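Convention: sequence-line order gives letters A, B, ...; per-chain numbering from 1. The shown structure was predicted, so the numbers you read here are calculated from the model rather than taken from an experiment.
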There are 2 protein chains.
Amino acid sequence: MKKVSITIKEIARQLDISKSTVSRALRDSSEISEETKKKVIALAEELNYYPNPIAISLLKNRTQTIGVIVPDIANRFYSSAIGGVEDIAYSRGYHTMIYQSHELLERERSASRHIASRRVDGLVVAISSQSENIEHFVSLQEQGIPVVFFDRVSDAMQTHKVRVDDYKGAFDATEHLIKRGCRRIAHIAGPKPVSITRFRLEGYKDALRKYDIKFQEEWVLHSEITQAGGTERTYQLMALRERPDAIFGASDRITMGIHSALRQLGYRMPDDVAVVGFCDLAMSSLLDPPVSSITQPSFEMGQQATSLLLDLIESKNTPAEYETRVLPSNLVINKSSMK
Amino acid sequence: MKKVSITIKEIARQLDISKSTVSRALRDSSEISEETKKKVIALAEELNYYPNPIAISLLKNRTQTIGVIVPDIANRFYSSAIGGVEDIAYSRGYHTMIYQSHELLERERSASRHIASRRVDGLVVAISSQSENIEHFVSLQEQGIPVVFFDRVSDAMQTHKVRVDDYKGAFDATEHLIKRGCRRIAHIAGPKPVSITRFRLEGYKDALRKYDIKFQEEWVLHSEITQAGGTERTYQLMALRERPDAIFGASDRITMGIHSALRQLGYRMPDDVAVVGFCDLAMSSLLDPPVSSITQPSFEMGQQATSLLLDLIESKNTPAEYETRVLPSNLVINKSSMK
DNA sequence: CTGAAAGCGCTTACAG
DNA sequence: CTGAAAGCGCTTACAG
């Protein structure tokens, strides 16, 4: 199949003027007579002319396109964040290309290569849980393609970062469980290399400390960010000689696993075990019982990361200082922890 | 920030040969001496040279990129279908741009315009439920940008279509309920304009007919494809003087609404009301009780639609005949309908 | 106010 | 085997 697009040259031919004049008239240049402008614009509309963005990209070495890499678009947290990215990008005249890493370093690298070769103007990324090495992002930055991190950030690179206050979210969740009378509070954490895992773990520990509750090594387990992971770790926790009376889950997938494992094992929430997770609200309220969760402003994170990125793209030089924004999370209490 | 990319010209300068020779050597042309090729390739690697795809696009009037428009990427059905699209696209050397219509005609039009102006090579789309008018897709096709429909198709346009056997899926679900002893089977259908709504409704009706069960107008309600829609319509059904003893839901969102409404109203599934839905399995098994569902091969639909699209893109002329592929669906029985 | 020319990075007939 | 030239669709100094 062949595409025929009408060009500036064709308009020039039909009007018997030069391409330069057409180009200027279309961009409403002050040095073209009103009369010529009108003729050109009228014909352009009639012919349904659209400038070829590819030619412009070649000229400006800019594509007006940004990339987003997230672990998984099916995850509500990320699809909502992408909504925020698109929101800002479109309003500032950029298009968005979405990539999924599926938590795989190799996929992330391949997306980065694609971004570099496609001359994408910049990248917003939530790092894959498998990526301890982030050389591929450093390399993009060195090539002049700015990178902004959101949600999953890394200390290994200087750039803008937008994340949620994971520490405080975890602290609040743990404190809430303590106030509800729980004393044996377990935590199923995410994979170790991920930044948010550390922050959340710290929040959990500090809340215990504040109330003089002893931290027990065996009550903290690391898990993949999957439902199956949450289920397996819950089996392990409930098999302990001294069982926890509460479990705090580090992600929504993990929390779903906790929930289904507890039901399957015959425990009642919150009476036997109270549960709080970092969760998507729509999801958690469907479960029985509905799960208390720390909600995160995902849409807003996408927006802020993108607006920082576009500022980087549009400024001539590297900023004096990179910014790390920490957005507040919010604890929503549901039946699973209402003792 | 400024991007500096190394070009063919630079390689030519350093090697003191012409750009033409460099270009040919890089594409491994047979008319270049082995020696020259080696030199060129070695230097290209050293300099980390990548051809500028934008220049090539301008030359070939091809972008090696396809678009996908789906109502909502957060919906598992679509995110999985996108997985299938990406799978085929990448393996055939294409990149994928993802757009969401959010079930809005205006958003779908704007995505189509973007696709046209960006010279995307082709489009795979599941039509928004709001789009009775699909002129924007016809217009793309007329501009030489092939369009393939999947899941939500339309008769208003001649092209390849890939859909699931909605008729049979609905028939099977209804028949299953009948065999379980249900006689007052309600159906919460999707929005009227959507093609799949009709197919599913027909399957439902025909199954009733086969078992000589009278079709009752008031037991079929149309709903938006949202959880809230399913909930509202369930209220309406259960408020009827003669209550249904089974509800068949036309989509996963609707089915979640049915499920939560029934629980909230105090009905037991399946004893009071049996439930079957067109559902995502991972989702439906989290509910209590787990919901029986007609599952659809979403990944495969994405794959097949994309491979048909790429064939269109790569063939010189319009095919003699357009194809409509109908993939089988599968009924998975869970507790919600096990009477 | 308008046009001819150069150039963005590449490919490819046409010569030699 | 290699090079000079034209061209993809556009913009923009430079002339006039």
What's [X] touching, base or sugar-phosphate or nothing? Going by heavy atoms closer than 4.0 Å.
| X | result |
| --- | --- |
| A/S33 | sugar-phosphate |
| A/S57 | nothing |
| A/I54 | nothing |
| B/T7 | sugar-phosphate |
| B/S20 | base |
| A/I8 | sugar-phosphate |

Residue pair [X] / [Y], side-chain donor-acceptor N/O under 3.5 Å:
| X | Y | answer |
| --- | --- | --- |
| A/H95 | A/Q64 | no |
| B/S298 | B/S80 | yes |
| A/E86 | A/T96 | no |

Problem set entry | Carboxylate-amine/guanidinium contact B/R113 B/E106, below 4.0 Å | yes
For this session: With DNA chain D as reference, determine whether B/L59 or B/T36 sits nearer its 5' end, using the nearest nucleotide of each.
Result: B/T36
Exercise. For DNA chain D, whose closest nucleotide is more 5', that of B/R24 or that of A/L26?
Worked result: B/R24
Problem set entry | Nucleotide interval of DNA chain C bounded by contacts with chain B (heavy-atom cut-off, under 4.0 Å) | C/dC8 to C/dC14
Exercise. Is the count of non-hydrogen atoms from other residues, nucleotides or ligands lying under 6.0 Å from B/Y50 atom OH greater than 12?
Worked result: no
Exercise. Any chance the rings of B/H160 and B/F150 have centres within less than 6.0 Å?
Worked result: no
Problem set entry | Partner nucleotide, any strand, of C/dG3 [Watson-Crick/G-U, under 3.5 Å] | D/dC14
